[in-house]
Amino acid sequence: MSIARRMLQQALKVSGRSASPLIKCLERWVEGVSAAYARRNDTRQVKTLEEMPGPSVMSFAWDLFAKRGLSRLHELQLKGRGQYGPMWKASFGPILTVHVAEPELIEQVLRQEGQHPMRSDLSSWKDYRQLRGHGYGLLTAEGEEWQSVRSLLGKHMLRPKAVEAYDGTLNAVVTDLIAKLKLRSQQNPQSIVNDIAGEFYRFGLEGISSVLFESRIGCLDPVVPAETEQFIQSINTMFVMTLLTMAMPRWLHQLFPKPWDTFCRCWDYMFQFAKGHIDERLKEEAEKIARGEEVEGRYLTYFLSRAGMPMKSVYSNVTELLLAGVDTISSTLSWSLYELSRHPEIQDSLRQEVLGILSGRQIATAADVGRMPLMKAVVKEILRLYPVIPANARVISTRDIQVGGYLIPKNTLITLCHYATSRDPAHFPNPDVFVPQRWLTRNDGHHPYASVPFGVGKRSCIGRRIAELELYLAIARILVQFDVKPEPEAHVVRPMTRTLLVPESEINLQFIER
Ligand code: HEM
């Protein structure tokens, strides 16, 4: 309470007068004056971007390009925080970005993100769509357009009941994954499956396709269709090229056209792949209707097309959902089995938890995995150590905001460094060690924004519930069917950034049938 206000109240008490309209008016005036005074004082203390520490343009460019910094961006978060504190600025090619690496400050940014949060307005993904005249999907759309797709998809992807209904579809894909792992481990004298991330890539694509189209596309067949392999290859290359094309000023695209051309070719293929599958599925439906048969789909493409969304938006949304469901699942599942293979005691406890809930059954349902606290803790811990999207971003386009005592002008790109916060010993003791148990105790003391692998708020991951269900179902069945061990003389695998955080080298594991 301001001193002026207190004095006014004191005066009222002394005079014994009740609060008449005049007095109330006076009170409001005093409040207004003191708020304005506080604001002026605040602005005086607020620092500007010029005062923010950070590497020079040259030294950051050196780190990025000469020292393979693009693949070590996650480590540069730790280096930046160590060198400059919780906030620093750096120029990523032509883009100035403010890095924020403290949970309270990340929270401050997200609480000011406004009605239609924006991740980045400088994305080369958007440039590509404009160039080719494609629509935007949920990942790239903004404003009202984003809001309307988000509300529509939210009904089918965020509501627990709607997501639980996908467990049968996803379990059918898990059945094929298990058969494939059995086949591959039987082909090796030591039951080793090489490059599990590659296998889980196909699993991820088959999983999200079945949710989108309610039909299978053969990713886990003994011979994978060539177009599927090319789609996966296109995603890989597109992610490698994303950071490069964003870090290069546009005029450099003319001088060195290869990265931009390759990037566009990958997207062309991905859009073509998605369109092919959508058209095929909708044609089947039209034929059914022509034969007078009932059409009742439980798949996302059906919901989108039935909601009257223009086909251009259906194509772009499905392309982006297909893309979002591949690396995210593959990487998280690979790291889960990697860590469980190195911590046999935790693997065993988790298996006991699964077997206890299944009581004799082989296949878990959504309701079953909902009752597995250790399973949830394992996945949380994996995403703390290896958040597949290691940094998030926001651009607040409507107004300047204050964060950590700095004034951030509107339209500044803000990088939320949650890889750094989730590896911070101040929030997680022994931060580099896999300890799922830390998630089992309430009030373990970490800030709620210290590990936010799915983001927070209106623009957070819409696929979170589907991803978690798919991961739980897959891990549960793998542990029931196999003992998972590291290959003999296995080396440590580290993460690397390829826009997303992925294993730097192959993860090879022994899958010993139980
Ligand atoms: C372990 C798995 C996954 C992780 C860690 C993850 C993480 C994230 C993160 C960090 C964001 C950005 C959130 C923000 O800006 O605040 C995001 C957005 C998004 N994710 Fe995921 N994701 C995962 C799986 C999936 C899956 C399986 C799908 C598709 C079914 C998906 C679809 C999306 C979409 C469409 C967006 C954009 C949402 C929007 O802009 O409104 N994600 N995800």
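Numbering of ligands and ligand atoms starts at 1, following listing order.
When only modelled atom types and interatomic distance are considered, His418 and Gln77 share no side-chain donor-acceptor pair under 3.5 Å.
For Leu153, no heavy-atom contact with ligand 1 is shorter than 4.0 Å.
Using a cut-off of 4.0 Å between Lys/Arg side-chain N and Asp/Glu carboxylate O, Arg111 and Glu107 are scored as salt-bridged. A salt bridge does not link Arg72 to Glu504: none of the charged side-chain nitrogens sits closer than 4.0 Å to a carboxylate oxygen. A salt bridge links Arg281 to Glu214: at least one charged side-chain nitrogen sits closer than 4.0 Å to a carboxylate oxygen. Between Glu142 and Arg119, no side-chain nitrogen of the basic residue sits less than 4.0 Å from a carboxylate oxygen of the acidic one, so the salt-bridge criterion is not met. Salt-bridge check for Glu113 with Lys458: failed, with every basic side-chain N at 4.0 Å or more from each acidic carboxylate O. With salt bridges taken as basic N to acidic carboxylate O contacts below 4.0 Å, none links Asp221 and Arg216. A salt bridge does not link Glu468 to Lys380: none of the charged nitrogens lies less than 4.0 Å from a carboxylate oxygen.
Annotation: atom 10 (C) of ligand 1 to nearest protein heavy atom, Pro453 O, 3.1 Å. Scanning the protein heavy atoms around atom 9 (C) of ligand 1, the nearest turns out to be Ile389 CD1, 3.5 Å. Remark: minimum distance from atom 28 (C) of ligand 1 to any protein heavy atom is reached at Gly463 CA, 3.6 Å. Looking only at protein heavy atoms, the nearest one to atom 35 (C) of ligand 1 is Ile462 CG2, 3.6 Å. Given atom 1 (C) of ligand 1, the protein heavy atom at minimum distance is Thr332 OG1, 3.4 Å. Of the protein's non-hydrogen atoms, Ala324 O, 3.7 Å is the one closest to atom 26 (C) of ligand 1. Ranking the protein heavy atoms by distance from atom 4 (C) of ligand 1 puts Phe454 CE2, 3.4 Å first. Here the protein heavy atom with the shortest distance to atom 22 (N) of ligand 1 is Cys461 SG, 3.0 Å.
Not one N or O of Thr328 is nearer than 3.5 Å to an N or O of ligand 1, by distance alone.
With Trp125 as the fixed residue, the side-chain hydrogen bond (donor to acceptor under 3.5 Å, both in side chains) test singles out one of Thr140, Thr242, Thr245: Thr242.
Residue contacts with ligand 1 do not include Lys458, since none of its heavy atoms lies under 4.0 Å from the ligand. The closest approach between Leu139 and ligand 1 falls below 4.0 Å for a heavy atom of the residue.
Among Leu138, Ile208, Asn317, the residue whose heavy atom sits closest to atom 30 (C) of ligand 1 is Ile208. Among His418, Arg150, Met157, Arg394, the residue whose heavy atom lies closest to atom 39 (C) of ligand 1 is Arg150. Here atom 37 (C) of ligand 1 lies nearest to Arg119 when heavy atoms of Glu320, Arg119, Arg464 are compared.
Annotation for ligand 1: atoms under 4.0 Å from non-hydrogen atoms of Gly455 are 10 (C), 16 (O).
With Asn317 contributing its side chain and Leu138 its backbone, the two residues share a donor-acceptor pair below 3.5 Å.
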